[in-house]
There are 2 protein chains.
Amino acid sequence: MVSIVSVAKAAGVSNKTVSRVINGEPHVTEDTRERVEKAIRDLGYIPNMAARQIRSSRSNTFGIITDYVSTTPYSVDIVRGIQDWANTHGKSILMANTGGLPEREAEIWKMFQSHRIDGVLYVTMYHRVVDPEAGDVSIPTVMINCRPQTSELLPSVEPDDFQGARDLTRYLLERGHRRIGYIRLNPILLGAELRLDAFRRTVKEFGLAESDLSIRLGMEGPVGAEENYVFAAATEMLQQKDRPTAIMSGNDEMAIQIYIAALTLGLRIPQDVSIVGFDDFRTVSLALKPELTTAALPYYDLGFQGAEWLNGVISEEKVRASRRVVSCKLVERTSVRAL
Amino acid sequence: MVSIVSVAKAAGVSNKTVSRVINGEPHVTEDTRERVEKAIRDLGYIPNMAARQIRSSRSNTFGIITDYVSTTPYSVDIVRGIQDWANTHGKSILMANTGGLPEREAEIWKMFQSHRIDGVLYVTMYHRVVDPEAGDVSIPTVMINCRPQTSELLPSVEPDDFQGARDLTRYLLERGHRRIGYIRLNPILLGAELRLDAFRRTVKEFGLAESDLSIRLGMEGPVGAEENYVFAAATEMLQQKDRPTAIMSGNDEMAIQIYIAALTLGLRIPQDVSIVGFDDFRTVSLALKPELTTAALPYYDLGFQGAEWLNGVISEEKVRASRRVVSCKLVERTSVRAL
DNA sequence: CATAAAAATGTCGACGTTGTCATTCGCTTG
DNA sequence: CAAGCGAATGACAACGTCGACATTTTTATG
């Protein structure tokens, strides 16, 4: 492979001058620069990042740690957001997956260190609390879609589940719904807790009694091995004497089952029962008929902002632990009617 | 950061001996090895991959190029399969996304070269034909879930859509179904073509007339911007005088709409109409009630086998262009009844 | 014991790039 | 014209590791 030495010889300059040209350093005449650029083109020179990393202690590479244990459609857009940011800022992405195994996580940190990555983005499938091993090392780290345990001084960027669920709840209340069912996402997830909390608070603020609500557990258990009660819960809920006029689903995936339960019972959506989801996973929210009103998890933005933030942490060499939340915008479609 | 020099001094050996220990080379006494390993532990030494790459011309890193233009749940497992293989074979994964843009693809190849990656896995969201720019360079490359245009000498590993759809068709025929509807996936996708072709051939071999079939287009247009006719097509098909007793859906996502169409028309699944999908995207196939019978796209295996194959290509330095297909196993659930 | 071979260890330069500082060239001012 | 300053370029060693080969030590054999 072509090195700086060949380019320098071809252009009749020193190695250092070639380096100045490719790094856009000042103090290079136009004539010299053109000669060098021509030699680079002619010889097909491509810089060796490894040599740069050794000499300059900059790898310009971010590591991403993910915890995917199964098909996980939800947070792919986080990675896409990170990659789009990285692409426009000259950073490379080294990617590794723990598969949910702590031992593998330790290996990954070590692998990242061997690559001298500049920083780490720790990404989770679901919005939850985690205990990353970053505390053992001083690699700049930003948590995405997850929250470090309180003893850790790590920045995190998370979706605003509370605001999203609050807005959905208000949306239903403003359209006259008073008897509202809520089928709850897996309780081990922070997102599930925040959404339910928002639901409860919002209806309370509105003056509704808890007895006007119908709250059921939709799923529970370890991620990737959940027990699923959604269809049964929705069926039971919709067969109540005073059945709810609207159901809030813990997420869009669960809404599939709620739709099917309603239709199977001969109920029309939204005429007989309105349904809202959460996350705007388009494969589902647009596939359901009528199309699902939901709050969109801002995964792409989480990724993009996380990468941006990490870059800031790296250049400032000062970790300011704080949490940023990105709002979950309400996406109005056709699954809700006004009473 | 700690280097080999510090370890060597602490262990009282040469740099090269430390190198021998960390690389598991022979001709190191047990006593020496232990001294070195202790020094490594005490000092927290982690090898610098960049220095290794420069000196030994081995990066032990694979590049993955993806073409994700939107939320794409389907092929995440490809990446997971690749990563699991890489993890157990000491390879790192550098990941970049074209977002479907050819210009970005050229930049990515260049970035990979600057990292001196050992080889490239070219991964597509959907099973289709592509024209990667690998032809311009001699980096070992394996196509995953996609097929190079015939002029390229590149190995590919693809799902056997034909076999999967053939098995599903037989499954329905064996259960007595003779009037079968087929709602077709986006025609620009190779997978769509293969599945429909299998359907047609299998029913023909079975002796059914084309007039016993009902084939509709479900979606069409550029990936990420498809027009979607599934719900309308299913509704129309199910309102036919001789409506089909079973419907084959181009994929699981489309099956959501077919389910809803059937239920909205007051038809029971599978009593009145049986439904099968394709791809076993579990978020959907398990969420549908009754659970969907389908053929599973072997994404994890595609990834795993692709990485394995690339490793072989790299070490043999000889590209044998050929196509491997991985079967799509029929997953029997409860959406089909026997007549 | 002497010799040869194998095992064990060490020396040194190479890889590609850039940080640091030295040197040269060109321009401006008195 | 000379001196000073800034721009432009170059020289060289350093970064961390390992390939290639040299040297030393140990073991086996006659």
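Proteins come first, then strands; the chains are lettered A, B, ... in the order of their sequence lines, and each starts at number 1.
- Phosphate contact (OP1/OP2 of D/dG19, side-chain N/O of B/R55, threshold under 4.0 Å): absent.
- OP1 or OP2 of D/dT17 has not a single side-chain nitrogen or oxygen of B/S56 nearer than 4.0 Å.
- The side chain of A/T17 contributes an N or O atom lying less than 4.0 Å from OP1 or OP2 of D/dG10.
- Note on ring orientation: taking the six-membered ring where Trp is involved, the planes of B/Y300 and B/F304 are parallel (angle under 30°, cut-offs 30° and 60°).
- Per the geometry, CD1 belonging to A/I4 stands 10 Å off P belonging to C/dG16, to the nearest Å.
- To the nearest angstrom, C1' of D/dT17 lies 9 Å from CG of B/N23.
- The closest donor-acceptor contact from the side chain of B/N60 to the backbone of B/S92 lies at 3.5 Å or more, if one exists at all.
- In this structure, the NZ atom of A/K9 is 20 Å from the P atom of D/dT9, given to the nearest Å.
- Remark: P of D/dG16 and CG of B/L43 are 14 Å apart, rounded to the nearest angstrom.
- No contact: A/S57 has no heavy atom under 4.0 Å from any strand.
- The side chain of A/H27 approaches D/dA7 more closely than any other nucleotide in the set D/dA11, D/dA7, D/dC18.
- A/R35 places its CZ atom 14 Å from the P atom of D/dA8, with the value rounded to the nearest Å.
- A salt bridge between A/D84 and B/R104 is present, with a side-chain N of the basic residue lying under 4.0 Å from a carboxylate O of the acidic one.
- The residues A/K38 and A/E34 are annotated as not salt-bridged, no charged nitrogen and carboxylate oxygen being separated by less than 4.0 angstrom.
- Side-chain nitrogen and oxygen atoms of A/N15 include none within less than 4.0 Å of the OP1 or OP2 phosphate oxygen of C/dG16.
- Within the 4.0 angstrom heavy-atom criterion, no nucleotide atom of any strand lies near A/V18.
- A perpendicular orientation is assigned to the rings of B/F112 and B/W109, their planes being inclined by more than 60° (bins at 30° and 60°).
- Here the nucleotide nearest the side chain of B/S19, chosen from D/dG10, C/dT9, D/dC18, is D/dC18.
- Contact check, B/T29 against C/dA7: no side-chain N or O comes under 4.0 Å of OP1 or OP2.
- Taking atom CG on B/D31 and atom P on D/dT26, their separation rounds to 12 Å, with Å as the unit.
- Between B/A51 and B/G12, the residue whose closest nucleotide on DNA chain C is further toward the 5' end is B/G12.
- Residue contacts for A/P47: at a heavy-atom cut-off of 4.0 Å it reaches the sugar-phosphate backbone alone, with no base atom in range.
- Residue B/R116 has its side chain nearest to C/dT17 when only C/dT17, D/dC18, D/dA8 are considered.
- Straight-line distance from the CZ atom of A/R58 to the P atom of C/dT18: 7 Å, rounded to whole Å.
- Atom CD1 in B/I54 sits about 16 Å away from atom P in D/dA14, given to the nearest Å.
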